[in-house]
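First comes the structure, then the notes that go with it.
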Amino acid sequence: MTSSTALPLLYLDVDGPLIPFGAGPYPPGDGPHPLLARIDPALGPLLAGLPCDLWWATTWMAEANECVAPRLGLPELPVVAWPEPSDEDGRGGVHWKTPALLDHAAGRPFVWIDDEITDADRARVAARHPGPAMLHRVDPGLGLTAGDFTVLRTWLRSV
């Protein structure tokens, strides 16, 4: 993972993609965030190996760097700053993160990995984002899988 304006952005959610909600089996967790035990450390090198600039796009905010990044072996990543909630949030089935990510990307190619992406989000991005974009929905019961990484690498190499 290198940092360059030529690389696409990759916006990464935590709950669902990195912390799956399926039945497991998972190691037992403890402490203030017992679900962190569900994070597969093997995902870190796979994420770091993608040709993109990684960003946290999660309500964990900076806590993702404190709690999640070390479990993945990732360096501190930049964090998307979310706007205050608005009456516009959720209109037309569009996820509240979508407008903020469109603003943040500012036309730059991007991938958004989340478990809550819908067709309404895809339509909004297609209508308002001038550059390439891929909204990749992850099954929250499984989290990121080898198949997801195949799709991500293929798309990122095509941009």
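Note that the numbering runs from 1 along the sequence shown for the chain.
- Between atom CD1 of residue Ile113 and atom CG of residue Asp148 there is a gap of 7.5 Å, rounded to the nearest 0.5 Å.
- Proximity of a side-chain donor or acceptor of Asp121 to a complementary backbone N or O of His95 within less than 3.5 Å is detected.
- Of the charged side-chain nitrogens involved, at least one lies within less than 4.0 Å of a carboxylate oxygen, so that Lys97 and Asp13 count as a salt-bridged pair.
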Take Cys52 and Val111, measure what side chain to side chain contact (heavy atoms under 4.5 Å, CB included) needs, and give me the verdict at the end.
-> CA-CA 9 Å; Cys52 61; Val111 175; over 6 Å; no
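- Side chains of Leu144 and Leu46 form no contact here, defined as non-hydrogen atoms less than 4.5 Å apart.
- One distance of note links CZ of Phe21 with CG of Leu142; it measures 12.5 Å at 0.5 Å rounding.
- Of the possible donor and acceptor atoms, one in the side chain of Trp82 sits under 3.5 Å from a partner among the backbone N and O of Thr58.
- To the nearest 0.5 angstrom, Leu35 atom CG is 12.0 Å from Cys67 atom SG.
- Between Val125 and Trp112 the shortest side-chain heavy-atom distance does not fall below 4.5 Å.
- Here the shortest heavy-atom pairing between Ala100 and Pro83 reads CB-CD, 3.7 Å.
- To the nearest 0.5 Å, the span separating CG on Leu12 from CG on Leu18 amounts to 4.5 Å.
- Smallest separation of non-hydrogen atoms from Arg38 and Pro20: NH1-O, 2.9 Å.
- In terms of heavy-atom proximity, Ala64 sits nearest to Val14 at CB-CG2, 4.4 Å.
- Aromatic rings from Trp155 and His136 are positioned such that their centres are separated by 6.0 Å or more.
- Interatomic distance, CH2 of Trp60 versus CD1 of Ile19, reported as 4.5 Å (0.5 Å rounding).
- In terms of heavy-atom proximity, Val94 sits nearest to Pro99 at CG1-CD, 4.3 Å.
- We find that Arg122 and Asp119 are joined by a salt bridge, their nearest charged nitrogen and carboxylate oxygen being less than 4.0 Å apart.
- With a 4.5 Å cut-off on side-chain heavy atoms, Leu156 and Pro8 count as touching.
- The two residues Pro27 and Ala37 make their nearest non-hydrogen contact at CG-O, 3.3 Å.
- Asp53 has its side chain within reach of Arg108: a pair of non-hydrogen atoms, C-beta onward, lies under 4.5 Å apart.
- Aromatic pair His129/Phe110: centroids less than 6.0 angstrom apart.
- Inter-residue side-chain proximity for Asn65 and Leu77 is flagged as met; some heavy-atom pair is nearer than 4.5 Å.
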Could you check Thr154 against Val151 for side chain to side chain contact (heavy atoms under 4.5 Å, CB included), going step by step and ending with a plain yes or no?
-> CA-CA 5 Å; Thr154 300; Val151 171; 5.9 Å; no
Quick one: do Tyr11 and Asp114 satisfy side chain to side chain contact (heavy atoms under 4.5 Å, CB included)? Show the steps, please.
-> CA-CA 8 Å; Tyr11 297 120; Asp114 205 304; over 6 Å; no
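- By the 30° and 60° cut-offs, the orientation of the rings of His104 relative to Trp55 is perpendicular.
- Atom CG of Leu74 and atom CG of Leu43 lie 9.5 Å apart (nearest 0.5 Å).
- Closest approach of Arg137 and Ile117 over heavy atoms only: CD-O, 3.5 Å.
- Of the possible polar contacts, none joining the Arg153 side chain to the Pro51 backbone as a donor-acceptor pair under 3.5 Å is found.
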